[in-house]
Each structure stands twice: as C-alpha cells, then as structure tokens.
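Notes for the one structure printed next.
Reminder, nothing fancy here: chain letters follow the sequence lines and each chain counts from 1. Every heavy atom of this structure was used, including side-chain atoms; hydrogens, water molecules and symmetry mates were not.
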Amino acid sequence: MRVVTWNVNSLRARLERVEEWIIEAQPDVLCIQETKLADDGFPALTFEALGYESAHYGQGQWNGVAILSKVGIDDVVTNFSSGIDPDPDARIITATCGGVRISCCYVPNGRSLEDDHYTYKLSWLDRLVEHLQSDTSPDADVIVTGDFNIAPEDRDVHDMSKFQNATHVTDAERDRLAALEQWGLTDLFRQVHPDVDSVYSWWDYRGGDFHLGRGLRIDLVLGSATVADRCEWSTVDRNARKGKSPSDHAPVLVDLNY
DNA sequence: ATGGTAGCATCGCTA
C-alpha cells in the first residue's frame, strides 16, 4: 500500500498536475493539504474517474484537506475529534483506509515567533495529540501525515543561519513532534533513510530556491509501531516540484507491506 | 538588510 502526502497549494490551480502525478505514481492513498476549496468545489468526480473515493474538508479561500483512497475510506472525521476545542480552520481530516487510521494535517504556519499565529500553531499541535488519544490508539495501525511546518532536525534545513528567531525549527515546535513520537509515532522517511541529510519537501518559490537546493523537510508521514514495522520504502518525489506551475511542496511517499 | 514568487475572494493577505 502506497501512502502519499502532498501540499498542492490550491487544488484548482494544480488539478491537471495532480491528475498526471496520480496516474504516474499510483498512490493507494493520497493525503492533500491546501486545497483552498469549499466542499462544493472539490473535484470528487475527477478523482472517481481515476479510481479513487475521496473525502474533503474545506472552507474556501484558505486551508482545506482531503484524503483520496483506492482501498476504502470509512469513519471520516473532520476537524479534531469531538470533545476537543474545535479548530476554526479546515486543517485536519481523518479516515480509515485499507485498515489504517489516517489523519491528514495542515499544521498552522506560525508566521513569526511574536505572532499569535505561532501560539495557535503550538496549541494546534497539542490538540493533535488529544485528537489521537480520543480517536485511536498507538497500538492500532495509525498514520499521521501532512504539512507539519516543522523541520524535525537541523539537517532537514538548508541553512540554519537563515532560521535564527524563526518558526519551523524552534525547540517548542520540535517538542511537539517529540510528543507525537512519545505517543507512538515514527517519522517513516527518517526510519528508511537514517543517514541521509539535506532531503527537502518544500522550497520557497522565491529566489530560485528549488534550483539552488534551498529547502526544508516539513512534510512528514508518521506511523505507529505496526505501520513502521511494515514500512519498506520512502521517498520525496522532487520531480513533481519541477516544470510548469508546480506546487511549492513535493509529494512524500511511503510504501507499506499491507 | 531586503526582497524575492505564487495564489487568493487581488492593490493586501497568506505562505
């Protein structure tokens, strides 16, 4: 089973490229972030024609998350699990696909360390742990994936000197990733490639950053122990960042022996 | 030190 996360930065602007990529890469489950669509604008029929069931949680102009699946899509939960302080934005959708409980997340950017949005980001990540506690168990087959807007380690950042007093790399943010690991999740790309540095999943559109290799690895696929045991491969498809009208993020794939 | 690009409901915000 191939599970992929991809922040497409507007599904309307990216639909043609997403369709082409799906045909080429044949994911069983594709988790999409930043659809920037309302639910009634989500192209479910386009994905159905490619063999996918889908579930979308959107709000319009900003944010929006979706799960596409060839292996079933059941027990869909939009937003955090009930009982948790709900998020005002459409940033998380959870579903069971092929027996795996999958949460597709678009973690708030944070903007800057002084911004209220940074506090919101940290609180959002705290609530993600509460969501998992309530929704499932670390003993189950669980994947938590998406755009985390956090680089787990310095080697996931092209140039740490550019991230002094910046978001995405702070101890507070990395502590939240540690809390997810503490809950029972493993960064599957890092498990497969323990010694590989400077692999990125996002590059700023500005300044030729992609061409110059200036990126961050902020798109993650986290798996519970049983998923990690069955993880056979992971890669970032940086080819998807090339060419005409790419997203600023590349898809991150994991292949699981399910 | 700044600005660079892309997408949106576009002249200002979000990333």
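Rounded to a whole Å, the CH2 atom of Trp203(A) is 23 Å from the P atom of dG4(B). Note: CG (Asn9(A)) to C1' (dC13(B)) measures 14 Å, nearest angstrom. One atom, CG of Leu11(A), and another, P of dC8(B), lie 10 Å apart when rounded to the nearest Å. For the pair His117(A) NE2 and dC13(B) C1', the interatomic distance rounds to 12 Å; values are reported in whole Å. Taking atom CG of Asn7(A) as the reference point, atom P of dC8(B) lies 13 Å away to the nearest angstrom. Rounded to whole Å, atom P of dG3(B) lies 16 Å from atom NZ of Lys162(A). Between the CZ atom of Arg214(A) and the C1' atom of dA15(B) there is a distance of 18 Å, given to the nearest Å. As a whole-Å value, the separation of Asn63(A) CG from dA9(B) P is 14 Å.
Which of dG7(B), dG4(B), dA9(B) sits closest to the side chain of Ser10(A) comes down to dG7(B). With dG7(B), dA9(B), dT5(B) as the candidates, the nucleotide lying closest to the side chain of Lys36(A) is dG7(B). The side chain of Arg12(A) sits closest to dC8(B) out of dG4(B), dA6(B), dC8(B). Of the candidates dA9(B), dA15(B), dC13(B), the closest approach to any side-chain atom of Gln61(A) belongs to dA9(B).
A search for ring-ring contact (aromatic ring centres under 6.0 Å, His included) contacts involving Trp21(A) returns Trp6(A), not counting sequence neighbours. The salt bridge (Lys or Arg N to Asp or Glu O under 4.0 Å) test applied to Arg14(A) returns no partner, not counting sequence neighbours.
Taking atom P on both nucleotides, dC8(B) is separated from dG3(B) by 25 Å, rounded to a whole Å. The separation of dG4(B) from dA15(B), taken at their C1' atoms, amounts to 14 Å, rounded to a whole angstrom. Rounded to whole Å, the separation between the P atoms of dT2(B) and dG7(B) comes to 27 Å. Distance noted for atom C1' between dA6(B) and dC11(B): 16 Å (whole Å).
Asp237(A) places a side-chain N or O within donor-acceptor distance of the main-chain N or O of Asn239(A), the cut-off being under 3.5 Å. Side-chain atoms of Glu181(A) never come within 3.5 Å of backbone atoms of Leu177(A) as a donor-acceptor pair (strictly under, hydrogens ignored).
The residue among Asn109(A) and Tyr205(A) whose nearest nucleotide of DNA chain B is located toward the 5' end is Tyr205(A). Heavy-atom nearest nucleotides on DNA chain B were determined for His249(A) and for Arg14(A), and the one closer to the 5' end corresponds to Arg14(A).
Residue Tyr106(A) is in sugar-phosphate contact alone, with no base atom involved, counting any heavy-atom pair closer than 4.0 Å across all strands shown.
Between the CG atom in Leu256(A) and the CG atom in Leu188(A) there is a gap of 7.0 Å [rounded to 0.5 Å].
Between dA15(B) and Arg111(A), a contact under 4.0 Å exists linking OP1 or OP2 to a side-chain N or O.
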